[in-house]
Novice: 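Got a structure for you, questions after.
Residue numbers start from 1 in every chain, and the chains themselves are labelled A, B, ... in the order their sequence lines are given, proteins ahead of strands.
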Amino acid sequence: MFESDFERNLFALRREKLNQISALGQQTYPNQYTATHTIPEIWAKYRETTAEELEAHRIQVSVAGRIMAIRGQGKAGFAHLQQNGERLQIYVRKDDVGEENFLLYKLLDLGDHIGVTGYLFRTRTGELTIHVQTITFLAKAMLALPEKYHGISDIELRYRQRYVDLFTNSTLNEGGPDEIRVRDVFIKRAKLLKAIRNFFDTRGYIEVETPMMQPIAGGAAARPFVTHHNTLDMDLYLRIAPELYLKRLVVGGFDRVYEINRNFRNEGISTQHNPEFTMLEFYQAYANYHDLMDLTEEIIKQVAQEVNGTTITHFNGHEIDLGKWRRFSMREAIIEFWPESAGAKPAIEDFNSEATAAALVERLRAARIHIEYKPGEPLGKTIATIFEAVAEDHLIQPTIIYDFPLAVSPLSKQKPDEPDWVERFEFYIAGFELGNAFSELNDPEEQRKRFEDQLKQRQGGDEEAHQMDEDYVRALAYGLPPTGGEGIGIDRLTMILTGARSIRDVILFPLLRPHHTPEE
RNA sequence: GAGCUCGUAGCUCAGCUGGUAGAGCAACGCCCUUUUAAGGCGUGGGUCCUGGGUUCGAAUCCCAGCGGGCUCACCA
């Protein structure tokens with residue numbers, strides 16, 4: 001627990017102060033405190049009240065909070081109490097609180113929790129302040145708070161000791177139009193979740209919870225985490241997606257379902273990837289991917305309005321309007337964003353054969369654009385890779401990319417007129433993918449074939465290829481109505497709405513390697 | 001997993017081409033009854049991330065490791 005002798009000594013010293021506080025007749029760890037207001041309530045109610053009004057009608061209040069600043073003045077003193085992210089000044093005079101309470105005040109440290117009663121006034125400089133009459137001790141900070149002006153700026157410390165980060169409430173993107181405090185990031189995240197639930201609840205969707213531990217990790221292409229159930233003596237996978245269970249529910253007659261929950265993928269970590277992340281998935285019977293495109297724009301617009309009061313957001317130096325959307329087919333996007341350095345733009349026919357697609361790869365490589373390509377891989381996979389290499393960085397403003405190759409979409413329905421392409425889209429904001437949606441494949445025989453193809457790729461060494469899920473095929477065999485389904489990354493959407501540039505800034509306790517203190 | 005980069009007091013940071021570690025905040029003591037990054041006087045606080053190496057001498061240079069950040073890869 002202790003970082004140093006300094007901390008150990010400080011702890012002992014505070015322990016001694018607790019004894020003295022106890023000797024003053026205060027409980028050292030009392031069980032409750034009854035306040036008349038929270039600090040935000042005081043501000044909401046009396047922000048505009050003048051000094052004269054406060055003097056004329058003495059307003060008695062009691063509030064509780066954590067001491068975040070304290071200034072002694074001999075036989076008086078000022079302190080700032082913080083509660084729910086807001087601070088209110090208190091003024092303590094020996095004359096007014098009495099000998100014992102003033103001794104208590106002298107024993108207080110930065111970080112301590114106290115309750116005070118008193119009346120509101122304005123100081124010489126006009127600051128709304130409580131003129132304290134009694135102090136009640138509530139809890140002690142046994143460790144030193146971070147630097148009072150800068151707070152904690154060490155990113156590692158912020159993530160490891162989020163509890164400190166939150167009450168010091170340090171700033172992200174300082175000085176920019178996207179400046180935001182840590183606490184507000186997580187308040188917005190909560191609002192976002194509420195807005196999404198509101199969106200779906202009012203449209204007749206029901207919220208469900210499906211297994212997080214699954215015997216077959218399906219519904220996405222990713223390496224799973226493995227765990228073990230002792231009594232059943234079976235390995236289970238932490239889910240990589242809820243998809244296949246949610247579609248079983250549509251078979252079961254829940255025409256509109258959604259789930260907001262964690263997915264786990266045993267993959268790399270980056271500013272856009274955390275091993276556990278929160279995903280919204282929703283399914284709507286009788287809808288196709290066109291319906292979902294319209295719905296997607298509506299969701300994002302409405303959520304932005306509810307969370308930020310505007311569809312304008314700032315991310316990494318870009319102003320983004322979440323109310324204005326573009327749509328390209330994947331092939332159109334490749335042509336649209338084809339780099340000049342790689343010569344003339346491709347023609348739409350170039351996507352029709354492996355040879356012409358491979359030629360595009362060669363042109364990109366000649367232009368020193370890194371692109372993964374294995375000769376003999378399916379044409380659709382090559383096209384998807386080209387899209388990612390060429391277009392993704394340009395998709396700063398909200399953009400829907402539709403019509404994906406069948407080869408990379410084992411669960412999507414083919415386009416009636418182009419069987420090598422499926423009714424699938426992804427949407428991008430700020431240069432990264434936020435969501436993925438498609439008209440769900442509901443033909444059990446076709447689904448079985450797709451799984452078998454995936455199995456072949458798996459045997460060929462692709463660890464992320466889908467496994468066979470017999471029960472899911474059986475569910476489809478009972479009849480899945482035409483259905484549209486979509487997944488939206490909640491962490492990433494939070495990033496877009498808060499301007500946080502790292503996914504770790506929107507996850508309260510992001511995964512870090514264990515850190516060993518000298519004592520361990 | 002790879003490349004680059006950072007790691008000095010509880011916190012925020014300085015410390016030059018190598019000469020044996022500093023400031024502010026916080027802490028401790030004293031003074032101060034409208035202050036607010038309060039102020040004044042004084043005091044204590046260091047495994048300079050860890051382990052090797054080079055050197056008369058290493059926070060500083062070199063190597064390895066640990067942890068963080070960024071970029072790339074994988075992926076959403």
Novice: Provide the distance between the two C1' atoms, one in B:A58 and one in B:C48, to the nearest whole Å.
Specialist: 11 Å
Novice: Identify which nucleotide among B:A27, B:G10, B:A73 has an atom closest to any side-chain atom of A:S4, counting heavy atoms from C-beta outward.
Specialist: B:G10
Novice: Considering Watson-Crick and G-U wobble pairs with both distances under 3.5 Å, what does B:C25 pair with?
Specialist: B:G10
Novice: Below the 4.0 Å mark, does B:G67 have OP1 or OP2 next to a side-chain nitrogen or oxygen of A:R160?
Specialist: no
Novice: For the side chain of A:A144, counting heavy atoms from C-beta on, which of B:U35, B:A26, B:A76 is nearest?
Specialist: B:A26
Novice: Does A:Y402 have its ring centroid less than 6.0 Å away from the ring centroid of A:F328?
Specialist: no
Novice: Would A:F432 pass as stacked on B:A76, i.e. its ring centre under 5.5 Å from the base's six-membered ring centre and planes under 30° apart?
Specialist: no
Novice: Flag the pair A:F11 / A:F2 as yes when their ring centroid distance falls below 6.0 Å, and as no otherwise.
Specialist: yes
Novice: Rounding to an integer number of Å, can you tell me how far A:L10 CG sits from B:G10 P?
Specialist: 11 Å
Novice: A side-chain contact here means heavy atoms from C-beta on lying under 4.5 Å apart; do A:V61 and A:T117 qualify?
Specialist: no
Novice: Base, sugar-phosphate or nothing for A:R87? Non-hydrogen atoms, less than 4.0 Å.
Specialist: nothing
Novice: Is the shortest side-chain heavy-atom distance between A:R265 and A:E276 below 4.5 Å?
Specialist: no
Novice: Determine the interatomic distance between P on B:G7 and the same-named atom on B:A14; round to the nearest Å.
Specialist: 9 Å
Novice: Nearest whole Å is fine: how far is B:A76 P from A:E486 CD?
Specialist: 15 Å
Novice: Work out how far the P atom of B:G15 is from that of B:U60, and round it to whole angstrom.
Specialist: 15 Å
Novice: Can you check the A:D491 CG to B:A76 C1' distance for me, whole Å?
Specialist: 10 Å
Novice: Given atom CG of A:L128 and atom P of B:U34, what is their separation to the nearest angstrom?
Specialist: 19 Å
Novice: Are A:Y289 and A:F438 close enough that their ring centres sit under 6.0 Å apart?
Specialist: no
Novice: For B:C28, take OP1 and OP2 only and decide whether either is under 4.0 Å from a side-chain N or O of A:K17.
Specialist: yes
Novice: From the options B:A37, B:G10, B:C70, select the nucleotide whose nearest atom is closest to the side chain of A:S502.
Specialist: B:C70
Novice: For the C1' atoms, the ones on B:U20 and on B:C28, what distance do you get once it is rounded to whole angstrom?
Specialist: 28 Å
Novice: Who is the Watson-Crick or G-U wobble partner of B:G46, with both distances under 3.5 Å?
Specialist: none
Novice: Do the side chains of A:I42 and A:L120 get nearer than 4.5 Å, heavy atoms only?
Specialist: yes
Novice: Which is more 5' along RNA chain B, the nucleotide nearest A:I155 or the one nearest A:Q272? Just name the residue.
Specialist: A:I155
Novice: Need one value for A:D95: base, sugar-phosphate or nothing, where a base atom within 4.0 Å counts as base even if backbone is also close, heavy atoms only.
Specialist: base
Novice: Using both distances under 3.5 Å as the test, list the Watson-Crick or G-U wobble partner of B:C4, or none.
Specialist: B:G69
Novice: OP1, OP2 of B:G67 versus side-chain N and O of A:R513: anything below 4.0 Å?
Specialist: yes
Novice: I'd like the P distance from B:C70 over to B:A9, given in whole Å.
Specialist: 22 Å
Novice: Classify the nucleic acid contact of A:H80 as base, sugar-phosphate or nothing, counting any heavy atom under 4.0 Å across all strands shown.
Specialist: base
Novice: Does A:E433 reach a base, just sugar-phosphate, or nothing at all? Heavy atoms under 4.0 Å.
Specialist: sugar-phosphate
Novice: Counting any heavy atom closer than 4.0 Å, what does A:E426 reach on the DNA or RNA strands: base, sugar-phosphate only, or nothing?
Specialist: nothing
Novice: Hey, does the side-chain of A:R93 have a donor or acceptor N/O within less than 3.5 Å of a partner on the base of B:U33?
Specialist: yes
Novice: Using a cut-off of 4.0 Å on non-hydrogen atoms, how would the nucleic acid contact of A:D96 be classed: base, sugar-phosphate, or nothing?
Specialist: nothing
Novice: Base, sugar-phosphate, or nothing: which does A:I269 touch, judged by heavy atoms less than 4.0 Å apart?
Specialist: base
Novice: For B:A26 and B:G40, measure between their P atoms and round to the nearest Å.
Specialist: 12 Å
Novice: When you check the phosphate oxygens OP1 and OP2 of B:C74, does a side-chain N or O of A:R223 lie under 4.0 Å from one of them?
Specialist: no
Novice: Looking at A:T271, I'd like to know whether one of its side-chain N or O atoms comes within less than 4.0 Å of OP1 or OP2 on B:U71.
Specialist: yes
Novice: For B:U12, does the base pair up with any side-chain atom of A:S153 as donor and acceptor (N or O, under 3.5 Å, distance only)?
Specialist: no
Novice: Nearest to the A:L13 side chain among B:U34, B:U33, B:A27, which nucleotide is it?
Specialist: B:A27
Novice: Which residue lies toward the 5' end of RNA chain B, A:F6 or A:A221, if each is placed at its nearest nucleotide?
Specialist: A:F6
Novice: Students often get this wrong, so: under 4.0 angstrom with heavy atoms, is A:G72 touching a base, only sugar-phosphate, or nothing?
Specialist: base
Novice: Pick base, sugar-phosphate or nothing for A:Y159, based on heavy-atom distances below 4.0 Å to the nucleic acid.
Specialist: sugar-phosphate
Novice: Quote, to the nearest angstrom, the P distance that separates B:A2 from B:C56.
Specialist: 36 Å
Novice: If only side-chain N and O atoms of A:R504 are considered, is one of them under 4.0 Å from the OP1 or OP2 phosphate oxygen of B:C70?
Specialist: yes
Novice: Counting the atoms with a prime plus P, OP1 and OP2 as sugar-phosphate, which does A:E147 contact under 4.0 Å by heavy atoms, base, sugar-phosphate, or nothing?
Specialist: base
Novice: Is it true that, when you exclude A:R262 itself, more than 12 heavy atoms of the residues, nucleotides or ligands shown sit nearer than 6.0 Å to its CZ?
Specialist: no
Novice: Whole-Å distance between B:G68 C1' and A:L511 CG?
Specialist: 13 Å
Novice: Can you figure out which of B:A27, B:C32, B:A73 approaches the side chain of A:E372 most closely?
Specialist: B:A73
Novice: How about A:F387 and A:Y428: are their ring centres within less than 6.0 Å of each other?
Specialist: yes
Novice: What contact category does A:G489 fall into here, base, sugar-phosphate, or nothing, at under 4.0 angstrom with non-hydrogen atoms?
Specialist: nothing
Novice: To the nearest Å, give me how far apart CG (A:N9) and P (B:G46) are.
Specialist: 9 Å
Novice: Does some side-chain heavy atom of A:F337 sit less than 4.5 Å from a side-chain heavy atom of A:E392?
Specialist: no
Novice: Is there a Watson-Crick or G-U wobble partner for B:G18 with both distances under 3.5 Å, and if so, which one is it?
Specialist: none
Novice: How far, in whole Å, is B:G42 from B:C32 if one measures between their C1' atoms?
Specialist: 16 Å
Novice: By the 4.0 Å heavy-atom rule, please label A:L143 as base, sugar-phosphate, or nothing.
Specialist: nothing
Novice: Heavy atoms, side chains only, cut-off 4.5 Å: are A:I135 and A:F102 in contact?
Specialist: no
Novice: Picking from B:U35, B:U33, B:C32, which would you name as closest to the side chain of A:E127?
Specialist: B:U35
Novice: A:I152 has a side chain; which of B:U12, B:A27, B:A76 sits nearest to it?
Specialist: B:U12
Novice: Between A:D5 (CG) and B:A9 (C1'), how many Å, whole number?
Specialist: 12 Å
Novice: In this structure, how many angstroms lie between the P atom of B:C28 and the CD atom of A:Q20, rounded?
Specialist: 11 Å
